Each structure stands twice: as structure tokens, then as C-alpha cells.
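One structure, as C-alpha cells, below. Some questions next.
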Amino acid sequence: MSWPALPDDRADTNPDGVCIGDERVSLSNGDFADRVRAAAAQLSELGVRPGSVVAVQLVNRVELVVILFAAWRLGAAVTPVNPNLTDFETAHQLRDAGAAVLVSDDRPAPEFDGKYLGIGDLATAFHAGTAADSVHNPEPNELALLIYTSGTTGSPKGVMLTHANLTAMCESVVTALDVTAEDHCLLVLPLFHANAIILSTLTPLSVGASTTIAVKFSIDTFFDLVEKHRPTYFSGVPTVYAMLDALDKEVSPDTSSIRLAIGGAAPMPAELIDRIETRYGFPLIEGYGLSEGTCASTLNPPQGPRKPGTVGTPLPGQQVRIVGKDGAVLPQGETGEVVISGPNVMAGYFGKPEETAKTLVDGWLHTGDVGYFDGDGYLVLVDRIKDMIIRGGENLYPKEIETALYRHEDVLEAAVIGKPDPVYGEVPVAYVALRSGSALTTDDLFDVCRKSLSKFKLPVDIITRETLPKNAVGKLDKPTLRAENRS
């Protein structure tokens, strides 16, 4: 697969076929190729060359994908920038990545050693004969994407993903999900994240399928988009499915076009998966992965058997193991750190060799996630190593407490964090968002916990709120909750 050549290949094969659209425009294969060539010519005039980095800071829209392929056409890499970042945060990413050009909306550009291209000035018509009329042929190990981590464990780091990483990941997903040219993806996650780029954009485009881009997920418009565009699949985070679950029972959309939905970014309660599948009639396939692994590493097999409560089995071409603190591989059923190997594993962190060496050890990606393989070889995630709470010498995993709370159908969101304690060191505190109209009290929630948790695992406090904080990707934002308990 040559990503720089993909727009031309699609246009040559089926110029009038549907390629990609958003809520404003729909582009055929021919239209998309023309837009990519025009943008590439413009970037070339701004000094973008092989080895350059192009930054793009936009809300979800077709032009973001155009810039992606235009940069690759020139041999450049792309770093997507979260449009919600402050100027200070944006400038850090631009400088760290060494961006030659920033393509953004019409906000003032932060100071960096590069040029600025406002989206309103982006070229849409290509003139033959320019330097961008040729297509760069990348080496497999050439940098394609710099995806910056959220920074919840320190300064954001640039995850280096190569052209070979992207190809391996997409081929793996195509095989696992049986994605064909007949598929149509509805993209609702932010395009500065690997999931939306890989799973919802590159994967369908690589097999001749199409994608419709939503600006963002909205509970008020999601099913309108489903009924209008008739997608065959979409990918969401647990918060998306919690919101779908919370809709009034009278809401009954036509979801017959959807052959499957994908859940990731954080573990989902088995009860939520069951409620979504029962109510909306499509299978919800849970998987697991991270940006450092180019998106996904395990998936519950769509053809079955699927095991809610697990994140499935390793994707084709990847190896997943559980290791102890000494690095030794642990047997089935024993809990340890999840490590991953395969052609999808990142090249490293940009400009951070020491951080890279800590994370990539002898070809294995150390994820920082705790889990085990069950008797059928399905991966069960226990928690993040850094999220573990040590209460008076006892190890507590927040996910176990959250799972206990999720067993009540009125619990839409649950997040457990460690609170400093002068006697025990740390104690667990639970934050819960309830279904609208629920009569559950805090005492009721403690009773829910007591049904499945030992006394020493019970939270010392349960705090109910209408909603819980989320980060830019839609995952529950535990650092914000921890900050509240340390202030």
C-alpha cells in the first residue's frame, strides 16, 4: 500500500465513486484526488519537502484528510493538533515537532519557526506542471504521522508512526473486521487521534470504501446522520455508548445499515455492551490498543465467539504477552503488564530516546496496562499500572470497583481515583453519573458495591454528578478528579 498514491489510484479506478465527505461537502474519488494535488502544490510553494512536518489544527472536516494525503504526496509527515489546545500548548507541539507549516482555522497563529496557512486560503483547484504533480514513493520506515499523547503522565510526547506502521495496522483491521469496498464508515471521534485516522479514515479508504465525517459526536444528531448516510460501521469510546444507552426508551432509530460498532480507548462494562446490542440491534465489538501501537492490538472476533468484559484476542500479525516485573512471560491466568510486538509498534517517541528506551524493550512495547489472558486466550484488562491504589499495603484496582458500580443499569459513568490518606496512604473515592431520573442514593450505590467487593475494596466516598469530566478524546478524565482531591 502506497499512501501517497492512494488518492490517484482511487481516481484512476473509479473517478465518480464516493470517497469522503462531511456535513458540508461530499467528494468523489476524482474530486478528492484533485483537492489533494492542489493542496500539495500549495504546501510545496510554502517550502514543504521530503522529511518536513506539516501540522494541521482543525475540527473534523474533509480538508484535514486532504492535508494528510497532500503532505504524504510530498514526502512530509503530519502532526495533527488538538484544536482545543491553548496557544501555549499548540506552540509546544509545533516546536517539538519542528513543523514547517501549520494549517489551521482563522485563529491567530502561535509563534513557531514555520509558515501559516489559513483553511480559508487552502487551494481546491490543481494546475498541472507544478512540483507536486509527482507522487513521493516512501520507504517503509519513513515517518508518516506524529501523534501526540495527551500528556496526562507528563509533557506530551510525539508518537512516531511510519508508513509501514499504517499499512500493517490497516491490513490487520481489514482482515479482522472484514472491511470491503461496500463499507461506509461514519467518523465521530476527533481526527487528531489515531483511532479516527486509522480505523475510520485510512482503513476504509484503503479498500475502496468511503467515510462520512461528523464534526463531533452529538447525541442530538448522531442518529440523524445514521439514517441519512446509512453507514455500515462506526467507532466510539465508552462515553459515546453510555450516552446512547441513556436516551429515552421511546427513541427508536433505524440502525439497520450498521453491521457493527467498535468500542475502544477504555474498557467498557459488559452490561453496557449487552444493553446497546439488545436495544439497537448491532454487535458492539470491543478492542484494545494505544497510539504507540498505531491504534489497536486486540479485538473481540466479530464472527465470534465474543466475550464482553474482555478486549478479545490479538489482531493478525501481532503478539501480545503478559510479563512480570522482571520481564518474564507469565502463564495464562496470571496478572502482569501487557506488552505488544509487531509491525504496528511505533518507531519511538520523537526526540526522546530515553523515553523510547523505557517503553520499547527488545522489540516489545510496554503499555503500562495490567491484564491477564483468560482460559480461552482472551485479554482481560485489570487497570493502568499508574492508576493502582495502594491502601495500607493492599493493591486496589479502580477498574474492579468501577465494574461493580456498572452492574446497576442506572450507573452511566463511574471513575475511581486514589485520595491521599494520612493513615492508609491512599483510599479509593468513586465518582458516578447516574441515568436521568434515577432515584439511586449514595447508600444504594454502596449496597451495589458490597454485593461484589470485599470490605477493604469499598470506596470511602461515592460522589454523584450529572456528568464526569472527559479529555479531548472522550475518555473519563481521572487526572482532573485527582487534582480535586489533592487541592
Side-chain angles (χ1 to χ4, degrees), residues 1-20 25 27-56 58 61-80 97-104 114-119 121-146 160-171 191 197-198 201-211 347 350:
M1 168 61 66
S2 170
W3 298 109
L6 181 62
D8 287 359
D9 291 344
R10 287 182 60 114
D12 291 342
T13 302
N14 182 15
D16 297 323
V18 177
C19 181
I20 193 164
V25 63
L27 301 181
S28 68
N29 290 322
D31 295 334
F32 181 62
D34 286 344
R35 294 276 191 107
V36 169
R37 285 194 289 267
Q42 195 171 20
L43 291 176
S44 178
E45 291 170 0
L46 292 172
V48 175
R49 300 290 183 267
S52 297
V53 174
V54 175
V56 56
L58 297 168
R61 56 191 294 169
V62 159
E63 288 83 356
L64 197 157
V65 181
V66 168
I67 292 297
L68 193 70
F69 281 93
W72 290 341
R73 188 180 184 89
L74 297 173
V78 176
T79 185
V101 173
L102 168 64
V103 182
S104 186
K115 297 180 180 178
Y116 177 80
L117 176 61
I119 192 64
D121 297 321
L122 184 66
T124 58
F126 175 69
H127 303 289
T130 67
D133 208 1
S134 59
V135 181
H136 178 74
N137 183 25
E139 295 294 327
N141 63 351
E142 277 188 36
L143 183 63
L145 282 175
L146 265 179
M160 295 190 292
L161 301 180
T162 67
H163 284 267
N165 288 150
L166 302 186
T167 298
M169 187 74 261
C170 290
E171 289 177 349
L191 269 166
I197 294 174
I198 306 295
T201 307
L202 299 185
T203 294
L205 294 188
S206 70
V207 296
S210 59
T211 292
F350 188 71

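All values derive from a computational prediction rather than experimental measurement.
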Gap separating the CG atom of Asp121 from the CD atom of Gln42, nearest 0.5 angstrom: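 Going from the CG atom of Asp121 to the CD atom of Gln42 covers 7.5 Å.
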Separation of Leu117 CG from Ile119 CD1 (nearest 0.5 Å):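 Those atoms lie 7.0 Å apart.
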Heavy-atom check, side chain of Leu74 versus side chain of Ser52, under 4.5 Å: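 Sidechains of Ser52 and Leu74: no contact.
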State the CD-CG distance between Glu63 and Leu58, to the nearest 0.5 angstrom.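 That separation rounds to 7.5 Å.
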What are the two closest heavy atoms between Leu205 and Ala209, and how far apart are they?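 The pair with the smallest heavy-atom distance is CD2-O, 3.8 Å.
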Would you mind reporting whether Asn29 and Thr13 have side-chain heavy atoms less than 4.5 Å apart?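 A side-chain contact is absent here, since even the closest heavy-atom pair is not under 4.5 Å.
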Over all heavy atoms of both residues, which pair between Leu68 and Leu202 is shortest? Give the atoms and the distance, please.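 Of all heavy-atom pairs spanning Leu68 and Leu202, the closest is CD2-CD2, 4.3 Å.
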Nearest 0.5 Å please: distance from the CG atom of Leu6 over to the CH2 atom of Trp72.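 Here the interatomic distance stands at 9.0 Å.
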What heavy-atom pair brings Arg10 and Cys19 nearest, and what distance separates the two atoms?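 Closest approach of Arg10 to Cys19, heavy atoms only: NH2-CA, 3.5 Å.
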Closest contact, heavy atoms only, Leu146 versus Thr79: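 That would be O-OG1, 2.9 Å.
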Can you name the residues that form a salt bridge (charged side-chain N to carboxylate O under 4.0 Å, His left out) with Glu142, not counting sequence neighbours?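 Salt bridge (charged side-chain N to carboxylate O under 4.0 Å, His left out) list for Glu142, sorted by chain: empty.
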Rounded distance [0.5 Å steps], CZ in Arg73 versus CG in Asp8: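 Arg73 CZ to Asp8 CG: 4.5 Å, rounded to 0.5 Å.
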Would you check if there is a donor-acceptor pair between the side chains of Trp3 and Thr167 at a distance under 3.5 Å?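 Trp3 and Thr167 do have a side-chain donor-acceptor pair below 3.5 Å.
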Where is the tightest heavy-atom contact between Thr211 and Thr201, given as atom of each residue plus distance?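 Reported closest heavy-atom pair: OG1-CA, 4.1 Å.
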Would the distance check show the side chain of Arg49 and the main-chain N or O of Ala76 forming a donor-acceptor pair, the cut-off being under 3.5 Å?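 Pair absent, no side-chain N/O of Arg49 close to backbone of Ala76.
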Could you tell me which non-hydrogen atom of Pro4 sits nearest to which non-hydrogen atom of Pro138, and how far apart they are?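 So the minimum-distance heavy-atom pair works out to CG-CD, 3.7 Å.
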Leu43 side chain reached by Val103 side chain, heavy atoms, under 4.5 Å: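 Val103 reaches Leu43 side chain to side chain.
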Test side-chain contact (heavy atoms from CB on, under 4.5 Å) applied to Arg35 and Leu122, Leu27, Ile20, the passing residue: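 Among Leu122, Leu27, Ile20, the one meeting side-chain contact (heavy atoms from CB on, under 4.5 Å) with Arg35 is Leu27.
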To the nearest 0.5 Å, how far apart are OG in Ser206 and CD1 in Ile198?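 Going from OG on Ser206 over to CD1 on Ile198, the span is 10.0 Å.
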